[in-house]
Each structure stands twice: as structure tokens, then as C-alpha cells.
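I'd like to ask some things about the structure below.
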Amino acid sequence: MKAEEFVRGQGRYLADLPDQDCLHVAFVRSPHAHAKIGEIRAPKSSALITMCTGVDLLADINPFRVVAPGHLDYEWYPLAHDRALFVGEPVAAVVAKTPYIAEDLAAEVEVEYDPLEAVTNLDESMAGETVLHAQLENNILFNLSVNEGATTDTFAAAHLVVEQEFEYPRQNALPLETRGVLARFDPRDQRYTVFTSTQIPHLIRSALSQILNVNEDAIRVIKPDVGGGFGLKGQLFPEEVVLPALARKLGHPLKWIEDRRESLIAGGHAHEERLHLSAAFDADGALLATKSLIDGDSGAHSTFPFGAGLDPLTGALNIFGAYRHKTAEFTARAFASNKAPAVSYRGVGQIQSVFAVERLMDIAADRLKMDPAELRKRNLYTKSEFPVTSPGGNEFDTGAYRETLEIALDRADYQGLRREQETARREGRLYGIGLATFNEVSGVSIFGYDGASIRIDPDGQVKAFLSTGSSGQGHEKVYGRLVAEAIGISPELVQVLEGDTDFCPVGAGTYASRSMVTTGNLLESAARELRDKILMIGGLLLSPDGLIPLEHVNNELLIADGVISLVRDPTATVTFEAVAQLAHMKDFNFSLPQELVQAGLESTHYEQHKTVYSNSSAVAAVEIDPETAQLSIRRCVIIGDCGRIFDPPTVDAQLVGGAAMGLGCALFEHLRYDDNGQILTASLMDYLVPVSTDIPQFEIGHLETPSTFSANGTKGMGEGGTMAIPAVLANAVADALMEKGLLLNKIPLSEEYIFQLLRTV
Amino acid sequence: MTYTSSIGIRVNGEVVEREVEDRLTLADFLRNELRLTGTHLGCEQGSCGACTVLVDGSAIRSCLTFASQLNGAEVTTVEGLASEEDLHPLQSAFLRNDALQCGFCTPGFLLTAAEILSETNDLDEGTIREAISGNICRCTGYQGIIDAIVEVARSGSER
Ligand code: FES
Ligand code: FES
């Protein structure tokens with residue numbers, strides 16, 4: 001069992017892989033936000049095995065384009081060869097015998113830089129005085145407008161229009177295990193083996209095949225145990241290209257483990273956005289139309305596979321998704337800046353839009369003189385309205401949005417909290433109650449298909465191969481149980497294998513809360529198919545009349561705990577293991593009638609899954625110290641509806657763990673740069689994440705409204721907890737601050753920011 | 001110029017004698033020289049606690065400690081907690097209470113908890129929350145970890 005290996009310290013993460021024959025790589029990184037690169041001089045040291053600059057690397061790789069709809073594509077290189085575009089961008093790699101020596105040597109490399117004007121925020125990027133990519137005319141890396149002008153008339157005729165601008169900071173997913181790569185090239189079979197701490201092994205293989213100019217078959221990507229990903233490990237990084245390219249050139253396996261500083265300055269940032277939202281209401285508080293402009297600061301490069309538009313587009317496509325309204329228009333844009341490239345981080349696009357929309361709903365409630373809960377209830381889709389097509393064209397199969405909010409209000413004793421608030425206010429205390437309610441996109445399959453494959457060996461050992469890849473979510477346990485239950489055998493017989501492109505079916509990997517929805521369903525289909533076949537062979541052995549046709553096997557035969565029996569005569573049994581044996585090898589008394597049953601027990605299923613939408617509602621109560629601005633969270637209730645729940649502890653763990661991460665996003669996580677583009681948050685002393693004493697008691701609960709788009713009824717469940725927290729706490733803090741709270745339009749809710757709001761006149 | 005020292009230390013009960021570079025951290029010594037890779041590195045800045053091991057019974061950060069300082073010391077890593085067959089009570093409690101997901105922080109938490117419990121079993125949730133606040137977990141939200149330690153503390157005080 002994986003978890004037992006982990007508590008014994010026997011996990012095999014990237015850094016733990018055998019590396020006795022490896023040389024070690026360290027990267028020379030730009031200390032400038034924007035600079036022309038001149039001569040690069042290697043240290044004169046016999047310890048230096050080689051140095052590779054961006055220019056050197058050009059000979060060995062193809063330029064790479066991140067091509068996606070709405071994206072301006074340009075050539076991407078793993079090592080900067082002409083200009084460095086952010087502090088931390090790799091400009092050269094050095095190779096030495098140990099990591100210590102490699103790091104020493106990297107520090108001794110002399111690079112001539114000619115610093116240029118740095119673009120460090122959205123306004124500068126939009127102004128376009130400095131353009132980052134010579135191949136582009138301006139700094140817009142992504143631009144998409146939908147339904148432009150469609151809401152103009154509705155807005156003009158509306159009873160109330162609320163409009164507000166919001167800011168969401170740059171954050172880092174910060175998996176506790178940093179990234180790392182170990183690459184080998186075997187000259188005999190001309191194959192690369194690339195171990196990398198990733199969420200997307202097959203997509204990495206596809207990209208590498210283009211960049212290294214070899215067939216996909218010449219590359220094996222293996223994901224070892226991964227110490228957390230949270231979206232960050234869901235893209236291609238420069239080091240994943242440089243190591244295999246150099247390993248081939250040197251004829252030596254190479255290893256590189258990112259350190260925390262590298263991770264914070266160059267390992268992928270996320271979430272930074274400015275959102276400008278407008279909503280039109282009628283006099284009864286019904287939402288009529290919405291208009292959204294979302295601008296993301298995507299840093300220096302558009303990254304593969306999602307591109308620079310990831311955050312703004314995901315937000316825009318799903319904005320106001322839980323609320324009934326007729327028309328919506330949006331523009332989503334991504335701008336380049338001299339900061340680390342944007343990648344994904346749990347809550348992609350929606351953590352920002354949910355915060356902004358939920359703030360806007362509270363502002364509207366204030367203007368309409370309605371209770372925020374009433375305004376939401378009026379506009380949330382109720383169970384009987386589904387299926388629903390949103391104004392943006394999203395299809396929601398099932399849901400119970402209003403009902404989820406009602407459960408959350410009930411659980412929190414909303415009226416009781418309001419009474420408590422009255423008392424508190426009479427005593428001069430700042431007590432606030434916040435709500436947040438939203439739906440979340442999950443199971444997104446923009447890269448095509450996913451696959452799941454099951455192979456049963458002659459001795460009855462079952463192997464399940466998946467195109468998804470766990471980074472600690474517990475796939476092994478959940479999928480093992482799923483296969484065992486679907487076939488009717490003990491979970492101990494099942495081994496789950498992910499993250500090796502030589503064995504696993506092709507697919508997009510794990511991100512966007514998609515695994516249970518995509519490969520979970522496929523695995524179940526494959527397991528059912530095999531069960532039917534096992535029953536059929538069992539029938540041949542047990543039934544006096546011989547063959548039981550496939551359509552009837554489930555009526556006439558049973559399999560439980562690995563024993564197959566006839567329904568009409570339960571004393572006649574045969575074991576699963578015996579069937580597995582006979583499916584592969586004949587014995588003296590029995591051979592398969594091959595015209596009826598094909599030998600072997602294997603099944604593979606592929607499909608592209610439809611997007612499904614979960615939903616969540618949260619209620620929080622907070623108190624703020626009027627002197628120090630210190631925030632105390634009194635209550636935090638989160639109710640999620642992710643369709644059918646297959647493994648309750650895993651779902652709870654995702655919800656609570658996700659909420660803890662959301663707490664960090666809401667209160668502290670903020671990557672800061674100065675005006676010159678120097679990063680100010682390069683250690684865990686400056687970039688703060690929640691520790692045990694920061695976490696309130698989350699009160700969680702579930703509603704199960706099964707999806708009809710996914711055969712197993714599940715919807716994604718990895719991100720609702722995370723998305724809920726910035727929104728619900730922002731509303732609670734704003735409520736505590738009363739009129740002053742109406743100005744609250746920024747995350748993080750640091751003490752500094754709350755203090756500043758308190759002091760506004 | 002590299003400087004080295006010879007050290008003799010006891011790791012998980014076994015005596016090890018080595019010549020080590022003076023700048024070699026205890027974490028790298030354990031991981032690379034002894035192949036005890038259960039001690040993880042999450043920051044190498046002393047901030048995350050993933051590298052926590054016990055030195056003479058006290059929990060320390062092995063990323064900030066040089067192996068060469070430890071001549072004569074007794075070191076316990078996660079590999080030294082369980083026997084071949086039996087898990088340490090903390091390890092079992094971590095499994096029962098869903099105290100881990102990716103497992104990367106787990107060894108550090110186990111050894112931090114082992115130190116706390118070696119001092120007293122009179123622990124409530126608040127004290128435990130405080131005592132583990134130097135360790136970071138990004139996956140679990142800490143509740144399972146706290147529950148697991150509370151459980152072991154309780155069973156210890158019953159004994
Ligand atoms: S690795 Fe030692 S404290 Fe983080
Ligand atoms: S279990 Fe992943 S960091 Fe704690």
C-alpha cells in the first residue's frame with residue numbers, strides 16, 4: 001500500500017531515485033528582469049564537465065510553439081539565448097560530479113548582461129512601450145472576446161447596475177516536493193528515459209518528441225512518486241528539455257533537483273489578475289446580464305500545454321456560472337511581463353472569478369437592500385431546473401445549487417450568526433458573516449482522450465494502467481478499490497500503475513479535478529467488461545449446459561470475493577484465479593471454445609470526457625480586532641456537491657486539504673516584485689503558507705447530485721474547498737468592516753490590507 | 001580546497017564511521033551516503049520541517065546541520081521508527097487518521113511528533129497544533145495529523 005510505504009519513509013520521489021551513475025546539473029539564472037545576454041564565460045576549473053548555454057542548445061533542439069486558440073504563438077526556448085526575460089530564467093547549465101560542485105560552478109559562470117527596461121505590471125505591459133517578444137507587436141499573449149456587445153441593451157434598461165474592479169495576486173502552488181528531472185539516453189536503442197516530477201507524463205513526451213526531434217517512441221517519461229502538484233507540475237518546464245538533450249550529448253545520465261529558491265522565482269507562478277465585472281439586476285434582485293473583463297499577468301512566457309490564457313480564460317468561461325441570467329459577454333486577455341511564467345495552480349481561473357463575483361453579489365445585495373443570502377437564493381439554479389445551458393453555452397447536466405446553499409446556511413445557523421453579529425455590533429466588535437456559492441468546472445478534456453487499461457495475469461494478479469497520474473491524491477487506493485469492486489475480487493490483487501509512458505495508455509494526465517471523472521469511468525467500464533468475460537468462462541466450467549451468452553452472464557452467475565457461482569446452484573463454484581489461469585492456458589480437461597471466447601483477460605478503454613460541474617457553498621463568520629486588524633475565523637462551513645461519492649475519506653481529504661490551501665491563498669500567499677522586476681519573495685520566510693496554527697476547524701458536508709454526463713455519476717472534487725475560501729473570507733471581512741468593507745476588492749486579506757481598510761475615512 | 005572530518009555516529013542503532021566533507025549537511029549525508037531517503041528536503045532553508053530527524057532525542061532540521069558536527073551523536077530517521085513487521089504507533093495512527101496524502105511531509109511530522117510524545121503524553125489538541133507549527137504540509141490541512149498525534153498521546157497516557 002502506498003500510504004504504508006510513505007509512513008515508512010519508503011516513498012520513491014524523484015530525488016530518491018538511484019543516481020550513482022549520474023552527473024549533476026545546476027542552472028545559471030538571470031539576476032535581471034530583462035537584459036540582453038552577452039558573452040558567457042565558463043569557470044576555468046577542472047571540476048567543470050561541461051557548460052551549455054542557450055546558444056549551444058540551439059543546435060540540439062527545435063524551437064517550440066505553444067499553439068492554442070486565442071494564443072499568439074511565438075518560439076519558446078528552454079534556455080534564454082538572446083535576452084533574459086525574468087529573474088530566474090535559466091541562461092546556461094553546468095554539469096559536474098556532485099550537486100554541490102555544480103552549484104559552486106554555476107555561481108562562478110560569468111555572464112555579460114545589458115539590462116533593459118523591465119515590464120513589471122499589467123499597466124506597463126498594456127502600455128506596450130517595451131515589448132518583450134520581438135516576434136510580437138505588443139505584449140498581448142492571449143485575447144478572446146465572446147458575445148461582444150450582447151449585453152448592452154439589458155444593461156441600459158436595468159434597474160440596478162453594479163460594477164467593480166478586483167485584484168488577485170500572484171501566487172505559487174508550492175508543492176512540498178520541488179521539481180526535479182533525471183534523464184538517461186541509451187545509445188544502443190537510441191532511447192531517452194526521462195524521470196520527472198510531473199502531473200502530465202504523456203504530454204511531456206509529446207512535447208519532447210517535437211523539441212528533441214525524435215519519435216514519441218524514442219522517449220519514455222516516468223513519473224515517480226510525486227510530493228504534491230496542485231497544478232504546478234502540470235506543464236513543461238525548461239529543465240525537462242535541457243537534461244535529456246544534454247544527457248544524449250554527454251553520453252551520461254544527468255540529475256537535477258530544484259531548490260526552493262529556484263522554485264519560488266522560476267518554478268511557475270499563477271493566479272495574478274485584474275477583473276472588471278458588471279452585473280445588471282431588476283428591482284427584485286434577479287440577475288439579468290453580466291459583463292466581465294479579465295486581464296491576467298502571465299509573466300514572460302506562454303507555457304505548454306495550457307498557454308498564457310489559462311487563468312483568465314478559465315475564469316471567464318465559467319464566470320457567474322451558478323447564477324441564472326440571460327446574457328453574458330466577456331473578454332479574457334493575458335499580458336506578458338518580466339516575471340516568472342504563469343502556470344496552473346489549484347482553483348485555476350476560478351479562485352479569482354469566484355472571489356470577484358461573490359464580492360459583487362454582496363455589493364449588489366447592499367444596493368438592493370437585500371440580505372446576501374436572499375439575493376443568492378433568488379438567482380441560484382435549483383435542482384429542478386437542470387439540465388441548464390449557461391449564457392456562455394456551458395452545459396450543466398445536474399446540480400442543486402440553491403439547495404447546497406440552504407444546507408450550508410442551515411449548518412452554520414445563519415440566522416443565529418446574524419443575531420450574534422447584532423450583539424457584537426452593539427458591543428462595538430467587528431463581527432462579519434460571509435457567503436460564497438459557485439460552480440466549478442472539472443474533468444476538462446481539452447487535449448482529447450484519456451485511457452484506462454486492465455490486464456489480468458494467469459495467476460489472477462490484476463494490473464490497472466492509467467493515463468492519469470497521482471501526485472498524492474491517493475489514486476492507488478481509490479482505483480484499486482474501484483477495480484476490485486467492479487470485478488468482485490479482493491483489492492489486494494489489484495495493482496494500479498500510472499505515469500509510465502511505456503506502459504500506460506496515452507492521455508492528458510491529472511489536473512482540473514479530472515481523474516475520477518475521466519479514467520475513473522474508463523476503468524470501471526474496462527473492469528465490467530472483464531467481469532463479464534470472467535463470468536462467461538466461469539459459466540463454461542460450472543453450467544451443465546455449457547455456454548451462457550454474454551447478455552445473460554450477470555443474471556445467471558455471481559462473483560463475490562473472487563468466487564464465481566451459479567445463481568441457480570450456489571454450491572457450484574470456481575475461483576477467479578482458476579478462471580484467470582484457463583483464460584490464458586488450457587489444461588487437460590478444458591480449453592476455451594475460441595470461436596466463442598477469445599483467450600486472455602485484457603481490456604482498454606479510451607474516451608474524451610464531457611466537462612462536468614460540481615458546486616459548493618460556504619459560510620464563514622469572522623471577527624476583526626479594531627486595533628490590530630487581526631483576523632479570527634469563528635466558523636467556516638463548506639458544503640460541496642461533487643455528484644456521486646465513491647470514496648468518502650478521499651473526498652473529505654480533498655475538501656479539507658483544499659480549503660487549507662485556499663486559506664493560504666486568501667490570507668498570505670503573495671509573490672511580490674519590486675519596480676525593477678526583482679522578486680522579493682524567494683524563501684519560505686517571505687512567501688508564507690498556512691501552518692497548523694493558522695487553520696480553523698473547517699466544518700464540511702456533502703450533497704450528492706450524481707452527474708448524468710459521467711457513467712459513474714462523479715464530478716470533480718479537488719478544487720471547491722480552495723476556491724471557496726478567498727471569496728467567503730473576503731465577504732466576511734467586508735461585512736465585519738461595514739461601509740468600509742464595501743471597498744474591499746483585493747486579495748490577500750493581509751492584516752496590512754485590513755488595517756488600511758479600517759483606517760479609510 | 002575541500003575540508004573533511006571523520007565522524008562516528010549511530011544512525012537508527014547502527015554505528016557508521018565516515019570521512020565527510022565539512023560542508024555536507026546531515027540530510028545529504030543520510031540521503032546520499034547512507035541511502036536513507038526517507039528524510040526529505042522541502043526547502044533547505046530551515047522553514048518546512050520535512051527534513052526533521054532526531055539527534056540524541058531532540059528533533060532537529062537536518063538541512064541546517066552539518067554531519068561533521070555530529071561526531072558521537074545518536075540519530076533517528078523515519079527508517080528507524082518501525083521494525084520490519086511492526087509500524088511505530090505514530091505510523092499506524094497516521095494511516096488510520098488520513099494524516100497524509102502525498103507523503104512528502106510525513107517523515108518530518110512523524111519525528112517531530114515522536115519528540116513531543118517522548119516528553120509527555122499530557123497533550124491536548126491545542127498544544128499539538130502549536131508543537132507541529134514548524135512543519136509544513138500542503139496536502140492535508142493538518143487535521144488528520146493532529147488527530148493521529150492526539151490518538152497516540154491518549155493511548156500512551158492510558159497505559
Ligand atoms: S528542508 Fe529542512 S526545514 Fe525544509
Ligand atoms: S501529505 Fe503532502 S505535504 Fe503533507
Side-chain angles (χ1 to χ4, degrees), chain A residues 1-13 15-19 98-100 173-178 225-230 257 259-261 263 470-474 649-650 652-661 663-664 683-685 689-695 697-698 721, chain B residues 2 21 23-25 28 31-32 35-50 77-82 87-88 90-95 98-108 110 126 128-146:
Chain A
M1 216 176 70
K2 265 283 167 228
E4 185 171 332
E5 281 173 29
F6 289 162
V7 295
R8 284 181 179 269
Q10 291 169 348
R12 273 234 177 159
Y13 304 90
D16 309 334
L17 297 172
D19 61 357
T98 73
Y100 282 54
L174 210 125
L176 196 58
E177 182 208 24
T178 55
D225 289 333
V226 172
F230 316 116
I257 303 295
D259 68 27
R260 183 55 64 189
R261 182 184 150 78
S263 179
S470 182
S471 42
Q473 300 91 334
T650 303
D652 287 351
Q654 285 292 315
L655 196 55
V656 172
M661 195 159 248
L663 187 90
S683 79
L684 291 178
M685 266 79 88
V689 296
V691 295
S692 50
T693 42
D694 297 317
I695 308 284
Q697 189 80 45
F698 294 115
Chain B
T2 52
E21 219 182 300
R23 63 172 179 170
L24 184 70
T25 64
D28 285 338
R31 292 180 48 81
N32 302 337
R35 306 298 310 162
L36 293 171
T37 55
T39 299
H40 297 155
L41 291 167
C43 68
E44 297 171 272
Q45 299 168 335
S47 307
C48 77
T77 71
V78 67
E79 289 91 346
L81 286 180
L87 292 175
H88 185 280
L90 273 168
Q91 291 171 315
S92 315
F94 267 53
L95 291 176
D98 281 314
L100 63 147
Q101 289 178 29
C102 79
F104 200 77
C105 68
T106 310
L110 285 168
I128 292 172
R129 215 174 252 285
E130 199 62 51
I132 61 166
S133 65
N135 289 48
I136 292 173
C137 173
R138 284 297 270 168
C139 300
T140 64
Y142 304 99
Q143 195 55 51
I145 300 173
I146 294 163

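Worth saying up front: this structure is predicted, and the values here are computed from it rather than measured.
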_Is it true that, when you exclude B:Arg129 itself, more than 12 heavy atoms of the residues, nucleotides or ligands shown sit nearer than 6.0 Å to its CZ?_
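For B:Arg129, atom CZ is crowded (more than 12 foreign heavy atoms under 6.0 Å).
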*Does the side-chain contact (heavy atoms from CB on, under 4.5 Å) test come out yes or no for A:Phe6 and B:Cys102, once each step is laid out?*
CA-CA 8 Å; A:Phe6 289 162; B:Cys102 79; 5.7 Å; no
*asked:* Show, in sequence, the C-alpha distance, side-chain angles and deciding distance for A:Tyr13 and B:Leu41, and conclude whether the side-chain contact (heavy atoms from CB on, under 4.5 Å) test is met.
replied: CA-CA 11 Å; A:Tyr13 304 90; B:Leu41 291 167; over 6 Å; no
*Checking side-chain contact (heavy atoms from CB on, under 4.5 Å) for the pair A:Asp16/B:Arg31: CA distance, chi angles, key distance, verdict?*
CA-CA 8 Å; A:Asp16 309 334; B:Arg31 292 180 48 81; 2.8 Å; yes
*asked:* Can you give me the closest heavy-atom contact between A:Tyr100 and B:Asp28, atom names plus distance?
replied: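 Scanning both residues completely, I find the closest heavy atoms to be OH-OD2, 2.6 Å.
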*Counting distance only, does the side-chain N/O of A:Arg8 pair as donor-acceptor with the main-chain N or O of B:Ala82 below 3.5 Å?*
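Looks like no, no N/O pair under 3.5 Å.
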*Examine whether an atom of B:Leu24 lies under 4.5 Å from a heavy atom of chain A, and if so say whether it belongs to the side chain, the backbone or both; otherwise answer neither.*
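B:Leu24 touches chain A through backbone and side-chain heavy atoms alike.
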*What is the minimum heavy-atom distance between B:Val78 and A:Val7, and which atoms define it?*
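Heavy atoms of B:Val78 and A:Val7 come nearest at CG2-O, 3.4 Å.
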_Top contributor to chain A interface from B:Pro107, B:Cys43, B:Gly38 [non-hydrogen pairs under 4.5 Å]_ =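 Among the listed options, the one with the most contacts to chain A is B:Cys43.
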_Using a 4.5 angstrom heavy-atom cutoff, name the option from A:Lys2, A:Met685, A:Arg260 with the most pairs to chain B._
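Looking at each of A:Lys2, A:Met685, A:Arg260 in turn, A:Arg260 comes out on top.
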*Between chain B and each of A:Gly11, A:Pro175, A:Ala173, A:Ala660, count heavy-atom pairs under 4.5 Å; write down the option with the most.*
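That would be A:Ala173.
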_Tell me every residue that passes side chain to side chain contact (heavy atoms under 4.5 Å, CB included) with A:Ala659, counting only those two or more places apart in sequence or in another chain._
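Listed in chain order: A:Ile638, A:Phe698, A:Ile725.
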_Which of A:Ser692, A:Pro690, A:Gly9 touches chain B most, by non-hydrogen pairs under 4.5 Å_ =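 If we count pairs closer than 4.5 Å to chain B, A:Ser692 comes out on top.
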*What distance do A:Leu174 atom CG and B:Arg138 atom CZ have between them, rounded to the nearest 0.5 Å?*
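Going from the CG atom of A:Leu174 to the CZ atom of B:Arg138 covers 5.0 Å.
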*Determine, step by step, whether B:Tyr142 and A:Val691 satisfy the side-chain contact (heavy atoms from CB on, under 4.5 Å) criterion, reporting the C-alpha distance in whole Å, the side-chain angles of both residues, the deciding distance to 0.1 Å, and the verdict.*
CA-CA 8 Å; B:Tyr142 304 99; A:Val691 295; 4.2 Å; yes
_Proximal component of B:Gln45, with respect to chain A [non-hydrogen, under 4.5 Å]_ =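 For B:Gln45, the contact with chain A is made by backbone and side chain together.
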*Given that the side chain runs from C-beta out, which part of A:Gln10 has a heavy atom under 4.5 Å from chain B: side chain, backbone, both or neither?*
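Neither; nothing under 4.5 Å.
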*State which residues pass salt bridge (charged side-chain N to carboxylate O under 4.0 Å, His left out) with B:Arg35; sequence neighbours excluded, sorted by chain then number.*
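Salt bridge (charged side-chain N to carboxylate O under 4.0 Å, His left out) list for B:Arg35, sorted by chain: A:Asp19.
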_Please identify, among B:Thr77, B:Asp98, B:Ile136, the residue contributing the most non-hydrogen atom pairs under 4.5 Å to chain A._
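Answer, by heavy-atom pair count under 4.5 Å with chain A: B:Ile136.
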*Distance, nearest 0.5 Å, that separates CD of A:Glu4 from CG of B:Leu87*: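 A:Glu4 CD to B:Leu87 CG: 4.5 Å, rounded to 0.5 Å.
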*Which pair of heavy atoms, one from B:Phe104 and one from A:Gly227, lies closest together, and at what distance?*
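Result for this residue pair: CB-CA, 3.9 Å.
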*Could you tell me which non-hydrogen atom of B:Glu44 sits nearest to which non-hydrogen atom of A:Asp259, and how far apart they are?*
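Of all heavy-atom pairs spanning B:Glu44 and A:Asp259, the closest is OE1-CB, 3.8 Å.
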*With a 4.5 angstrom heavy-atom cut-off, which part of B:Ser133 approaches chain A: side chain, backbone, both or neither?*
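Looking at B:Ser133, backbone and side chain both touch chain A.
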_To check you understand the geometry: which heavy-atom pair defines the closest contact between A:Leu684 and B:Ser47, and what is its length?_
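The answer is CB-CB, 3.6 Å.
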